[in-house]
Amino acid sequence: MNLFDSVMLERRIFANKDVLRPSYIPENLPHRKQQIKQLAEILSAALRGETPSNILIYGKTGTGKTATVKYVAKELEETSHRIGAKSEIVYINSEIFDTQYRVFAYLARIFNRKVPVMGWPTDMVYEAFREGVDRERRCVIVVLDEIDRLVRNGDEVLYNLSRINSELSRARVSVIGISNDLIFTERLDPRVKSSLGEEEIVFPPYDAKQLSDILEERAAVAFNENVLAEGVIPLCAALAAQEHGDARRALDLLRISAEIAERASSDVVTEEHVRMACERIEMNKVAEVVRTLPLHSKIVLGSMLFLGRENCRKKFTSGEIYNMYRKMCVFVGIEPLTQRRVSDLIAELDMLGLLNATVVSRGRYGRTKEISLSVPEKNLRDVLFDHRLKSLESFRIRTQMTL
DNA sequence: CTTCCACGGGAACACTGGGGTG
DNA sequence: CACCCCAGTGTTCCCGTGGAAG
C-alpha cells in the first residue's frame with residue numbers, strides 16, 4: 001500500500017473531525033435557548049450604555065457554559081461594533097490565571113499596560129489595570145471561567161473586581177463568573193457574594209435525549225454519510241448521560257470510537273467501537289493524571305501497590321501507608337515528607353479519584369482513614385515508576401529478604 | 001469516662017523569581 | 001551593585017478534636 005493510501009482511507013469516515021473537538025463552538029447550541037436568551041437580555045444593557053449586572057453561571061462540566069458564554073459574547077461584540085457602542089469582553093480561564101496577581105496582570109496587559117509576570121505588589125498591578133481600562137468610555141465584561149479556582153486562596157480578586165466601578169470615571173466593568181461548583185459562593189465574603197451574584201443562570205445537565213440531539217447535529221457535519229451504525233449515537237449519549245450529562249464526554253466518545261474504527265480499517269463505526277473507546281478514555285484519563293503527579297504523590301500511590309501485593313488486602317490505614325511510604329523514600333534516597341503533608345497528598349489523590357479515603361473511628365484504637373485504590377492496578381503500574389523511581393521495581397524482593 | 005490515633009485547620013517558615021531603590 | 005520588598009508555592013510545626021472500644 002502506498003504511504004498516502006492509508007491517509008486517504010481516513011476520508012472514508014471523517015468529513016470534518018474538528019467539529020467534534022471540545023474547543024469547537026457551534027453556531028447552534030441545542031437545548032440552551034433559554035440560557036442564551038437570559039444571558040443576552042442581561043448583557044444587552046451594555047449596548048444601551050448601561051452597566052450589565054454581574055452574573056454567576058453554574059453547571060457541571062460539559063453542560064455548555066463556556067460555549068454559551070463565548071457564543072453570546074461574540075454576538076454582543078459584533079452588534080456593539082455595528083451600532084458603535086464600546087463594549088469589550090475579556091475571557092479569562094482561571095485555571096491558568098489562578099491568582100489575584102496573575103488575573104490583574106493579564107487584564108492590565110489587555111489594556112496596554114506593561115506589567116511584569118511577577119515582582120510588583122498587587123495593588124500596583126491593580127492600579128495599572130484600573131488606569132488602563134479607564135482610558136476611555138467603554139463597557140468591559142470580564143468572564144472568569146472556572147471561577148472556583150480563584151477562590152481557593154482568598155476572595156480578594158473578586159472583591160477588588162466587584163468594587164472597581166467606584167474608582168472608574170469613564171469605563172464600566174462587569175463580571176461573569178462561571179463555576180461548576182454549586183456551593184463555591186459559601187466561601188465568599190457576603191458583600192462579594194451579593195455583588196457577584198446579582199443574576200444567576202443555571203445550566204442543568206443534559207439528559208440522554210438531549211445529548212443525542214447534540215451528537216446528531218455535529219455528526220452530520222463531522223462524518224460522511226452512512227458511516228455510523230444505528231445504535232452508535234444513542235449509546236454514546238447514554239454512556240455520557242450516566243456521567244452527569246457531560247456533552248464533552250459524549251463528543252469525545254464519538255470521536256474516539258470513529259478513530260478506533262478508522263484504525264481498524266472499518267467502513268462503519270459500530271457499538272463495539274464505542275465500548276472500546278469508553279474503555280480507552282478511562283485508561284488514558286488515569287494514565288495521564290498519574291504521569292503528571294508530583295514525585296511524592298507517586299510514591300504514596302506506589303506504597304498502596306506494594307501494600308496490596310504483600311497483604312492481599314484492599315484497604316489500608318494512613319499509618320500503614322505512611323510507614324510504607326517512608327521505607328520507599330529511604331530506598332530511593334529521597335527525604336520523606338511529614339505525616340501531615342502525606343495526609344494532604346492522600347486527600348488530593350482522593351479528589352483526583354485515584355484513591356478512596358474515608359475517615360473511620362476505631363474506638364479505643366483511635367481515628368484513621370481507610371484508604372483503597374479506586375482504579376485498576378494494571379492502569380497504574382506502567383506509568384507510575386518514572387525514571388526517578390525505576391529502582392523501586394525491585395523494592396518488594398528486598399523487603400521480603402529483610403523480613 | 002477514658003483513651004487512643006490520626007484528622008485537618010492554621011500559623012509559620014523556606015525558597016523562588018522577580019521587582020524597585022540608593 | 002547590594003539590598004530589601006513582594007506574591008506565590010510547598011512544606012513543617014503545633015494542636016484542638018472526634019468518637020467508639022474498652
Side-chain angles (χ1 to χ4, degrees), chain A residues 92-109 112-132 144 146-161 164 183-184 186-189 289 292-301 303-304 307 311 313-330 332-352 354-372 374 386 388-389:
Chain A
I92 296 179
N93 186 340
S94 316
E95 205 126 51
I96 300 161
F97 302 96
D98 59 350
T99 65
Q100 151 136 288
Y101 189 101
R102 295 214 255 267
V103 168
F104 282 128
Y106 178 70
L107 283 169
R109 261 177 247 128
N112 299 317
R113 284 289 171 286
K114 282 233 174 302
V115 174
V117 200
M118 50 176 108
W120 278 9
T122 359
D123 35 327
M124 254 171 95
V125 186
Y126 169 82
E127 189 50 33
F129 162 57
R130 212 220 78 223
E131 200 213 325
L144 292 170
E146 317 269 335
I147 195 172
D148 25 342
R149 290 298 293 266
L150 226 42
V151 180
R152 288 209 303 218
N153 6 7
D155 56 2
E156 251 184 295
V157 219
L158 301 182
Y159 177 73
N160 288 331
L161 215 46
I164 194 170
I183 53 158
F184 96 103
E186 282 174 14
R187 279 170 293 178
L188 295 177
D189 184 298
V289 172
T292 55
L293 237 35
L295 180 63
H296 286 280
S297 301
K298 284 188 178 177
I299 303 178
V300 171
L301 261 189
S303 69
M304 287 293 295
L307 280 169
N311 295 293
R313 269 188 296 142
K314 286 266 168 62
K315 289 181 170 181
F316 301 96
T317 66
S318 30
E320 291 173 299
I321 292 180
Y322 186 65
N323 287 336
M324 178 57 87
Y325 160 85
R326 280 197 81 97
K327 281 191 212 163
M328 289 170 71
C329 281
V330 172
V332 282
I334 293 170
E335 190 69 14
L337 300 171
T338 55
Q339 191 152 333
R340 177 69 187 84
R341 181 64 190 133
V342 168
S343 127
D344 276 347
L345 293 183
I346 289 171
E348 280 166 28
L349 291 172
D350 187 20
M351 290 287 282
L352 287 170
L354 296 172
L355 295 181
N356 209 316
T358 41
V359 275
V360 287
S361 199
R362 290 179 168 176
R364 186 69 204 6
Y365 305 103
R367 198 155 79 120
T368 186
K369 243 179 186 169
E370 270 183 349
I371 299 145
S372 57
S374 52
D386 58 24
R388 291 163 302 186
L389 301 177

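Everything quoted here is computed from the prediction, not taken from an experiment. Residue numbers start from 1 in every chain, and the chains themselves are labelled A, B, ... in the order their sequence lines are given, proteins ahead of strands.
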**Request:** Could you tell me the separation between the CE atom of A:Met118 and the C1' atom of B:dG17, rounded to a whole number of Å?
**Result:** 5 Å
**Request:** Rounded off to whole Å, could you give me the CD-to-C1' distance for the A:Gln100 and C:dC6 pair?
**Result:** 13 Å
**Message:** With a 4.0 Å limit, can you tell me whether A:Thr99 has a side-chain N or O closer than that to the phosphate oxygens OP1/OP2 of C:dA7?
**Reply:** no
**Request:** Classify the side chain of A:Arg364 and the base of B:dC4 as holding, or not holding, a donor-acceptor pair under 3.5 Å.
**Result:** no
**DNA chain B: 5'-proximal contact among A:Gly363 and A:Ile371 (nearest heavy atom)** = A:Gly363
**Request:** Specify the closest pair of heavy atoms between A:Leu150 and A:Thr99, including all atoms of both residues, with the distance to one decimal.
**Result:** CD1-N, 4.0 Å
**Nearest-nucleotide pick for A:Arg340, side chain only, options being C:dC6, B:dC7, C:dC13** = C:dC13
**Prompt:** Any donor-acceptor pair under 3.5 Å joining the side chain of A:Arg362 to the base of C:dG19?
**Reply:** no
**Fill in**
Rounded to whole Å, CD of A:Glu127 lies from C1' of B:dG19 at a distance of 17 Å
**Request:** Specify the separation, in whole Å, of atom NZ of A:Lys114 and atom P of B:dG20.
**Result:** 14 Å
**Request:** Evaluate whether atom CD of A:Glu127 has more than 12 neighbouring non-hydrogen atoms of other residues, nucleotides or ligands under 6.0 angstrom away.
**Result:** yes
**Prompt:** Which of these nucleotides, C:dT9, C:dG22, C:dA7, is closest to any side-chain atom of A:Arg102?
**Reply:** C:dT9
**Nearest listed nucleotide, side chain of A:Thr338, among C:dA7, C:dT12, B:dC7** = C:dT12
**Prompt:** What is the distance from CZ of A:Phe97 to C1' of C:dA7, rounded to the nearest Å?
**Reply:** 16 Å
**Prompt:** What about A:Arg367: does its side chain form a donor-acceptor pair under 3.5 Å with the base of C:dG18?
**Reply:** yes
**Complete:** Closest to the side chain of A:Ser343, out of B:dC7, C:dA7, C:dC13, is B:dC7
**Gap between atoms CD1 and P, on A:Ile321 and B:dC7 respectively (whole Å)** = 9 Å
**Request:** Would you tell me if any nitrogen or oxygen in the side chain of A:Tyr101 comes within less than 4.0 Å of OP1 or OP2 on B:dG18?
**Result:** no
**Message:** Tell me whether the side-chain N/O atoms of A:Thr122 come closer than 4.0 Å to OP1 or OP2 in C:dA7.
**Reply:** yes
**Item:** Per A:Gln339 side chain, nearest of listed nucleotides C:dC13, B:dA6, B:dG8
**Value:** B:dA6
**Message:** Rounded to whole Å, please give me the gap between CE in A:Met124 and C1' in B:dT21.
**Reply:** 12 Å
**Asked** Taking only residues two or more places apart in sequence, or in another chain, which ones meet A:Tyr159 in a side chain to side chain contact (heavy atoms under 4.5 Å, CB included)?
**Response** A:Arg163, A:Arg191, A:Val192
**Prompt:** Between B:dC5 and A:Lys369, is there an OP1 or OP2 to side-chain N/O distance shorter than 4.0 Å?
**Reply:** no
**Request:** Return yes if the base of B:dG8 and the side-chain atoms of A:Arg341 contain a donor-acceptor N/O pair under 3.5 Å, otherwise no.
**Result:** no
**From C:dC13, C:dT9, B:dG8, nucleotide with atom closest to A:Val359 side chain** = B:dG8
**Message:** Output the rounded distance in Å from CG (A:Leu337) to C1' (C:dT12).
**Reply:** 10 Å
**Request:** State whether a side-chain donor-acceptor pair under 3.5 Å links A:Tyr106 with A:Arg102.
**Result:** no
**Request:** With sequence neighbours excluded, tell me which residues meet salt bridge (charged side-chain N to carboxylate O under 4.0 Å, His left out) with A:Arg340.
**Result:** A:Asp344
**Message:** Can you tell me which nucleotide in B:dG19, B:dA6, C:dT11 comes closest to the side chain of A:Trp120?
**Reply:** B:dG19
**Asked** Taking the six-membered ring where the residue is Trp, are the ring centres of A:Tyr325 and A:Tyr322 under 6.0 Å apart?
**Response** yes
